[in-house]
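Here the structure is laid out as structure tokens; the discussion comes afterwards.
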Amino acid sequence: MTHSVAINSTITKNTKATNVSSFELSGSNKNESIQSKEQGIEPIPFFLGTVVLTQGVNVLCKGGHEALDVFLKRHALCDWGTMPVEDIELNNKATHNGSRIMSQYDFQETTIWIITEHDRSVTTILLPSEY
């Protein structure tokens, strides 16, 4: 069983994506956003709910949870990271229909996933092996 830890993030409970400026999104990969607009599916802001992370991610960031803020901001701004095109389309639709939203990023040479549940009550940062 994987345990999770609630974190105190600069974008915590009920933070809506519109509360994060694009200036704070340095290093973001804009290709996914451009690609999704070309496909005619523009994502809309959504709530993160309570942000938690798994023990594996806690160990990876050595308790320095603020290092994850950039990924949470990217997720909240609908930058899905290194997700395949098909999953980008599903995520963009999910911002409209209330389905689960998932992003994938590279952190310290390790892949991390960020998943926001369908009801927007919780967002979890985890390693793929912890799914």
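From a predicted model like this one, the values you see are computed outputs, not experimental measurements.
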Roughly how far, to the nearest 0.5 Å, is [atom2] of [Y] from [atom1] of [X]?
X      : Y     : atom1 : atom2 : value
Glu89  : Asn91 : CD    : CG    : 10.5 Å
Ser121 : Leu48 : OG    : CG    : 11.5 Å
Lys93  : Ser99 : NZ    : OG    : 10.0 Å

Inset, instruction - Determine, using ring centers only, whether His75 and Phe46 are less than 6.0 Å apart. - result: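 That pair passes the under 6.0 Å test.
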Are any of the side-chain heavy atoms of [X] and [Y] separated by less than 4.5 Å?
X      : Y      : result
Leu90  : Met102 : no
Glu42  : Asn92  : no
Thr111 : Leu127 : no
His96  : Ile44  : yes
Cys61  : Leu68  : yes
Thr54  : Thr124 : yes
Leu72  : Ile125 : yes
Leu126 : Ile112 : no

Inset, instruction - Assess whether side chain to side chain contact (heavy atoms under 4.5 Å, CB included) is satisfied between Phe47 and Thr116, documenting all intermediate values. - result: CA-CA 9 Å; Phe47 288 99; Thr116 299; over 6 Å; no
Legend entry - Verdict with supporting geometry, Thr123 and Glu117, side chain to side chain contact (heavy atoms under 4.5 Å, CB included): CA-CA 6 Å; Thr123 294; Glu117 295 302 326; over 6 Å; no
Legend entry - Nearest non-hydrogen partners of Asp79 and Ser103, listed with the distance: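 Shortest heavy-atom contact: O-OG, 4.1 Å.
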Inset, instruction - Please name all residues satisfying ring pair (Phe, Tyr, Trp, His ring centres under 6.0 Å) with Phe71, sequence neighbours left out, ordered by chain then number. - result: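 In terms of ring pair (Phe, Tyr, Trp, His ring centres under 6.0 Å), with neighbours along the sequence ignored, Phe71 is linked to Tyr105, Phe107.
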Legend entry - Side-chain donor/acceptor of Thr82 to backbone N/O of Gln104, under 3.5 Å: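 Pair found, side chain donor or acceptor close to backbone of Gln104.
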Legend entry - Donor-acceptor contact present, side-chain Glu130 to main-chain Gly56, <3.5 Å: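 Looks like yes, one N/O pair under 3.5 Å.
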Inset, instruction - List the steps and the verdict of side chain to side chain contact (heavy atoms under 4.5 Å, CB included) for His65 and Leu53. - result: CA-CA 9 Å; His65 304 148; Leu53 56 91; 3.7 Å; yes
Inset, instruction - Not counting sequence neighbours, which residues clear side chain to side chain donor-acceptor pair (under 3.5 Å) with Thr110? List them please. - result: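 None.
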